[in-house]
There are 2 protein chains.
Amino acid sequence: MRVLKPEVAKERKEKILRWVVQQFVESRRPIGSQLLADSALKDISSATIRNIMKDLEEEGYLYQPHTSGGRIPTDKAYRYYVDYLTGIQRMAAQERERIEKQYDERVGELDNVMLKTSRLLAHLSGAAGFVYSANVADQVVKRLDFLPLGGGTLLAVLITESGTVRHWPVRLGYDLAPSKVRLLSNFINAEITGMTLNEAQKFLWQYIKAGHREVADIADVAVQVLKDMQKPRADGDELYIEGLGRMLETTEEADYEDLRQMMRIVEERQRLSGLLAEKMDDLRRSGKDVAVSIGSENEIKELQNVSIVSSTYRVGDRTVGMLGIIGPKHMQYTKVMSLVKLMGDLLEGSISAWNALPGKEDDYE
Amino acid sequence: MRVLKPEVAKERKEKILRWVVQQFVESRRPIGSQLLADSALKDISSATIRNIMKDLEEEGYLYQPHTSGGRIPTDKAYRYYVDYLTGIQRMAAQERERIEKQYDERVGELDNVMLKTSRLLAHLSGAAGFVYSANVADQVVKRLDFLPLGGGTLLAVLITESGTVRHWPVRLGYDLAPSKVRLLSNFINAEITGMTLNEAQKFLWQYIKAGHREVADIADVAVQVLKDMQKPRADGDELYIEGLGRMLETTEEADYEDLRQMMRIVEERQRLSGLLAEKMDDLRRSGKDVAVSIGSENEIKELQNVSIVSSTYRVGDRTVGMLGIIGPKHMQYTKVMSLVKLMGDLLEGSISAWNALPGKEDDYE
DNA sequence: TATTAGCACTCTTTTAAAACGTCTGCTAAT
DNA sequence: ATTAGCAGACGTTTTAAAAGAGTGCTAATA
């Protein structure tokens with residue numbers, strides 16, 4: 001291993017490492033010393049580069065797929081590269097503006113923002129884009145309304161502060177007078193607005209058990225509603241992934257197997273949800289903007305050949321979800337990281353605009 | 001061209017054609033005369049088969065990718081094959097039961113049936129499954145409600161007879177008293193239930209223009225609502241496609257280009273929607289159960305290497321949507337056709353159960 | 001007259017060998 | 001410490017040959 005003039009040497013070593021990663025991301029084929037010496041690092045001879053690369057290999061940053069033939073970055077190298085980039089990333093104002101414009105055009109009104117945002121992410125990155133919303137039960141309720149459908153059924157409509165609108169049928173088995181439905185709606189909204197769904201549930205249970213007079217006649221309805229409220233959770237958290245198709249375009253024949261594996265996971269939403277939930281926690285705790293998980297850093301086996309670039313989004317001061325892209329390890333991290341960050345901001349903006357509307361409280365009668 | 005004993009000859013010719021198609025669907029490589037003579041048609045010599053195949057080629061049923069090397073079915077051959085199959089298809093009771101059970105488990109309550117159905121279709125067929133719902137504007141309204149969000153905004157919730165629930169924000173710019181909102185809801189529901197959205201819109205315009213006293217004070221709100229009602233149409237019709245990932249699994253390297261093309265189309269929903277709308281019309285008119293479009297029979301260029309098996313579903317006596325699968329031309333038509341048919345029935349059943357609930361009318365005050 | 005066996009020919013696919021290019025590791029010179 | 005130069009390694013591409021599969025035609029057959 002080379003020694004002497006430690007800072008200078010280290011500097012140069014890292015520079016070479018960065019070049020290898022960068023070149024590899026672009027060309028997707030092993031990088032040799034000559035190539036580097038000729039293209040990027042004209043002031044260092046290929047022999048020197050060779051020596052340094054050997055050191056880097058010993059340190060676990062590079063990997064030689066065949067005895068003779070260039071070297072490829074390991075996950076550790078990507079990790080270094082991404083960490084290095086983290087400070088640098090900034091998007092050209094022009095680019096930023098272009099994306100913001102597209103966001104306004106394509107996402108627009110707060111109807112299915114999550115879906116649309118994930119599509120736009122996919123579109124702009126050329127990889128798969130996702131938007132994930134943590135457990136609905138932990139989200140703050142903006143409104144919970146009931147529409148009478150007749151036939152002993154109500155349609156519950158839940159609106160959260162993050163703009164999600166969910167609805168599900170509640171079967172009572174008998175019809176409820178419209179006025180009673182209204183009473184129920186008004187009562188619930190007056191009481192639970194501002195709580196999380198979980199809190200609301202607990203609160204309502206208490207309230208009913210306490211046997212308050214004004215809800216006596218709708219108590220059993222409320223109970224039924226509470227029971228059904230759990231149901232949306234069966235699907236797990238909300239997760240949109242789009243643009244898997246586009247990945248076919250940017251993937252090389254050789255990497256199809258990786259892609260296949262990935263698809264398998266994506267179809268199996270449960271596990272991915274789990275992973276994202278965890279990642280969200282990490283990210284929130286670390287306080288970082290954008291997180292990058294590279295290959296083997298992902299616990300799920302099938303994802304060890306892809307990278308995930310993700311960011312959280314907040315409602316008020318609560319972190320309620322994540323968004324990002326899933327793509328090949330050799331992606332353009334610089335670009336993608338800024339993109340994800342920006343989209344996160346835009347999504348947050350979109351939600352807080354929606355949220356500026358204070359969930360109007362009817363006074364119940 | 002062979003002549004003589006016309007019926008017998010024709011019979012055998014078709015038999016050979018069917019075998020070629022069937023073998024090709026399984027092996028995905030050109031079928032030669034020897035192969036057939038050895039495997040399936042042991043009582044006819046390869047030479048005879050050769051002669052007949054030549055005839056079939058002249059008639060446009062088979063195609064020789066290389067001067068020497070087996071033959072491949074043309075779209076015309078698939079068409080013949082599918083038509084032949086149409087009479088035969090029937091699913092084993094056992095299989096049917098298994099699928100019905102899965103449907104109950106996985107689709108269940110009428111919450112996002114369309115999405116879930118398309119996922120199940122994909123899952124069971126190994127190809128991409130879709131469910132398409134025709135223009136919302138032509139669907140019968142079951143309810144149209146408004147929830148006050150405050151900040152000069154209402155959330156409109158539209159429930160159609162086919163079980164679709166749509167919602168969109170209506171910005172009024174000023175707040176409406178809760179009682180007024182209720183009045184609006186009740187009035188609208190009492191009047192328009194049972195109309196299509198389009199009819200409802202026309203009706204309401206007339207009503208407002210006529211200046212009826214009881215709606216005078218909410219007229220401008222109604223106008224705004226009507227305007228915003230158009231919006232959901234911007235997305236075009238509702239279309240869910242799932243399972244594109246799974247197609248990777250069943251596709252061979254060589255056919256990836258076809259797959260890529262297909263994905264491109266799917267991302268571009270507009271055109272696909274158009275195609276499906278047309279197809280739905282054809283299907284409804286012909287009165288057939290299941291339609292199969294093979295390769296070049298699809299107008300869209302990018303879809304000329306895939307087949308679409310589709311069926312319609314009804315609400316009452318109105319055909320409101322389609323469902324089916326998109327897959328490789330060489331798919332197991334027998335299986336897929338029965339599957340699509342069955343899923344259509346199940347979806348219809350699911351909707352009509354929901355629809356048994358009569359959109360409860362409040363009498364407005 | 002329809003069917004079949006046999007054969008020469010064509011064309012793709014597979015296999016093998018050779019030529020090429022790129023990279024490494026080492027050594028000696030700077 | 002760096003560099004130039006060179007031998008050896010190994011993947012990739014090119015080229016050539018062999019194998020395999022199928023066709024069309026003709027002559028024999030039932």
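In the text below, chain A, chain B and the rest are named by the order of the sequence lines, each starting its count at 1.
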Given atom CD of Gln34(A) and atom P of dC20(C), what is their separation to the nearest angstrom? 18 Å
When rounded to whole Å, the CG to C1' distance for the pair Asn51(A) and dC26(C) reads 10 Å
For Arg28(A), look at atom CZ and say whether over 12 heavy atoms of other residues, nucleotides or ligands are found less than 6.0 Å away. yes
Side-chain N or O of Arg12(A) versus OP1/OP2 of dT2(D): is the shortest distance under 4.0 Å? yes
Inspect the contact between Lys54(B) and Glu57(B) and indicate whether a charged nitrogen and a carboxylate oxygen are less than 4.0 angstrom apart. no
Just to verify, what does Glu302(A) make a side chain to side chain donor-acceptor pair (under 3.5 Å) with, not counting sequence neighbours? Arg271(A)
Report yes if a side-chain nitrogen or oxygen of Ser45(A) is closer than 4.0 Å to either non-bridging phosphate oxygen (OP1 or OP2) of dT3(D); otherwise report no. yes
DNA chain C: Gly32(A) or Ala47(A), which has the more 5' nearest nucleotide? Gly32(A)
Lys/Arg N to Asp/Glu carboxylate O, Arg79(B) vs Asp83(B), below 4.0 Å: yes
Say whether Lys279(B) and Ser310(B), considering side chains only, have a donor N or O and an acceptor N or O under 3.5 Å apart. no
Between atom CG in Leu62(A) and atom P in dC23(C), what is the gap in whole Å? 14 Å
For Lys54(B) and Gly69(B), find the nucleotide of DNA chain D closest to each by heavy atoms; which residue's nucleotide sits nearer the 5' end? Gly69(B)
Does dT4(C) have OP1 or OP2 under 4.0 Å away from a side-chain N or O of Ser46(B)? no
Return the value, rounded to whole Å, for the distance between atom CG of Asp43(A) and atom P of dA4(D). 12 Å
With respect to the phosphate group of dT24(C), does any side-chain polar atom (N or O) of Arg71(A) fall under 4.0 Å of OP1 or OP2? yes
CD of Gln64(A) versus P of dC23(C): gap in Å, rounded? 11 Å
Ignoring hydrogens and angles, does a donor from either the side chain of Arg50(B) or the base of dG6(C) sit under 3.5 Å from an acceptor on the other? yes
I want to confirm an ordering. Mapping His66(B) and Ile44(B) to their closest nucleotides on DNA chain C, which one lands closer to the 5' end? Ile44(B)
In whole angstrom, give the distance that lies between atom CD1 of Ile52(A) and atom C1' of dC23(C). 16 Å
Could you tell me the Watson-Crick or G-U partner of dT30(C), where both distances fall under 3.5 Å? Say none if there is no partner. dA1(D)
Separation of dT22(C) atom C1' from Met53(A) atom CE, nearest Å, is 12 Å
Figure out the CZ/P separation between Arg29(A) and dC23(C), and round it to whole Å. 11 Å
